[in-house]
Amino acid sequence: MIVLITALGAVCGTLTALVTERLPQWKLLPTDQYDEPVQGVVIPLYAVMLAGAASFGLLFTAYGLTAQFALLAGLFMFFLLITLIDLRYRLVLNLMIYPALLLTLTAHVLLGHPILFVLVGGGFALTIFMGAAFISPGGLGMGDVKLALLIGLMLGFPGVLWALIVGVGMGGVLAVGLLLRHRSRSITFPYAPCLCLGAMIALVFNPFLTL
């Protein structure tokens with residue numbers, strides 16, 4: 001079974017890589033408009049396939065063939081797609097974020113989760129990243145802010161704290177590394193992959209939810 005699951009992960013990774021090439025061409029809102037996409041980092045197909053296979057295999061090992069496995073696998077592919085698009089085009093698409101916000105809130109309501117903690121988590125992440133975007137214009141885009149809001153709503157409070165600690169910590173390490181390498185304070189980098197990694201880690205391991 002594990003072989004079939006990892007093979008499914010590789011297939012999903014391949015499909016995610018293919019969608020990366022097409023999705024940015026669909027314009028949903030004015031904020032998604034651009035003349036020509038930025039040609040950033042292109043992740044090789046084999047690497048995306050391995051990421052899909054490894055994530056599915058690890059999730060199956062931890063949760064078995066359960067609804068939780070299916071949910072986490074879907075979320076991992078969602079965050080992987082955001083990561084790939086941001087790396088290549090420096091975009092976090094409203095086409096993905098807005099429906100995800102609606103689905104997240106709907107799922108919390110249907111599952112009977114405490115909506116106050118969900119809203120506090122979203123508000124906390126939104127406040128932190130809106131403040132960072134205001135203090136350092138150009139360092140963070142509104143796409144990153146909306147992604148942080150989504151992660152906050154997904155994890156609620158205090159679960160979002162761990163995602164932000166991991167994501168912001170990774171972003172800080174990357175920023176320092178780029179600063180030392182290029183010796184320029186004007187260096188920028190896509191921040192969404194750091195947030196996505198923090199979210200994925202927090203979904204499967206979150207010490208703030210066990211306190």
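Contact annotation: the side chain of V168 approaches that of F129 to within less than 4.5 Å [non-hydrogen atoms, C-beta and beyond]. With a 4.5 Å cut-off on side-chain heavy atoms, I5 and F56 count as touching. Residues L75 and M200 are not in side-chain contact: their nearest non-hydrogen atoms beyond the backbone lie 4.5 Å or more apart. Side-chain contact check for R88 versus P190: every heavy-atom pair is 4.5 Å or farther apart. A 4.5 Å side-chain heavy-atom check between T14 and L45 finds at least one atom pair inside the cut-off. Put simply, the side chain of F117 does not reach to within 4.5 Å of the side chain of H108, judged on heavy atoms. Inter-residue side-chain proximity for M170 and L195 is flagged as unmet; no heavy-atom pair is nearer than 4.5 Å. Looking only at side-chain heavy atoms (C-beta outward), L81 and M96 come within less than 4.5 Å of each other.
Minimum interatomic distance between G143 and V92 (heavy atoms only, all atoms of both residues): O-CG1, 3.6 Å. Minimum heavy-atom separation, L174 to C194: CD2-SG, 4.5 Å. Minimum heavy-atom separation, A148 to A125: O-CB, 3.2 Å. Contact record, L65 with F60: N-CE1, 3.6 Å, taken as the closest heavy-atom pair. Closest approach of L149 to G122, counting heavy atoms only: CD1-O, 3.5 Å. Closest non-hydrogen pair, V48 versus G13, comes out as CG1-O, 3.1 Å.
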- Query: Hey, mind stepping through F208 and I165 against side chain to side chain contact (heavy atoms under 4.5 Å, CB included) and telling me if it holds?
  - Reply: CA-CA 11 Å; F208 285 89; I165 288 173; 3.7 Å; yes
- Query: Yes or no on side chain to side chain contact (heavy atoms under 4.5 Å, CB included) for M154 and V160, after CA distance, side-chain angles and deciding distance?
  - Reply: CA-CA 8 Å; M154 281 186 178; V160 67; over 6 Å; no
- Task: In sequence, state the C-alpha distance, the side-chain angles, and the governing distance for F157 and F124, and then conclude on ring-ring contact (aromatic ring centres under 6.0 Å, His included).
- Result: CA-CA 8 Å; F157 192 88; F124 179 82; 5.7 Å; yes
- Going through the distances and angles, do Y89 and L23 end up as a side chain to side chain contact (heavy atoms under 4.5 Å, CB included)? CA-CA 11 Å; Y89 300 112; L23 196 58; over 6 Å; no
- Begin from the C-alpha positions of F79 and L147 and carry the test side chain to side chain contact (heavy atoms under 4.5 Å, CB included) through to its verdict. CA-CA 10 Å; F79 285 122; L147 176 59; 4.3 Å; yes
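By the criterion of side-chain heavy atoms lying less than 4.5 angstrom apart, applied directly or through intervening Ile, Leu, Val, Met, Phe, Trp or Tyr residues, L103 is not grouped with F78; the two fall into different hydrophobic clusters. Following chains of ILVMFWY side-chain contacts shorter than 4.5 Å, one can reach L116 starting from V109, so the two form part of one hydrophobic cluster. Under the 4.5 Å side-chain heavy-atom criterion for ILVMFWY residues, a single connected hydrophobic cluster contains both M1 and L72. If you chain together hydrophobic residues whose side chains sit under 4.5 Å apart, L80 and L18 never meet in one group. There is no path of hydrophobic side-chain contacts, each under 4.5 Å, that joins L197 to L50.
In this structure, the side chain of H113 does not engage the main chain of G156 through any donor-acceptor pair within 3.5 Å. Of the possible polar contacts, one joining the W162 side chain to the F205 backbone as a donor-acceptor pair under 3.5 Å is found. Not one N or O on the side chain of N206 forms a donor-acceptor pair closer than 3.5 Å with the backbone of L203.
Note that the CD1 atom of I151 and the OG1 atom of T104 stand 10.5 Å from one another [nearest 0.5 Å]. Taking CG of L101 as the start and CD1 of I97 as the end, the distance is 6.5 Å to the nearest 0.5 Å. To the nearest 0.5 Å, atoms CG (L84) and CD (E21) are separated by 9.5 Å. Rounding to the nearest 0.5 Å gives a distance of 9.0 Å between CG of L105 and CG of L150. One distance of note links CG of L59 with OG1 of T66; it measures 9.5 Å at 0.5 Å rounding. Here the straight-line distance linking atom OG1 of T16 with atom CD1 of I43 works out to 13.0 Å at 0.5 Å rounding.
By the neighbour-count criterion of 12 heavy atoms within 6.0 Å, atom OH of Y63 is densely surrounded, having more than that number from other residues, nucleotides or ligands.
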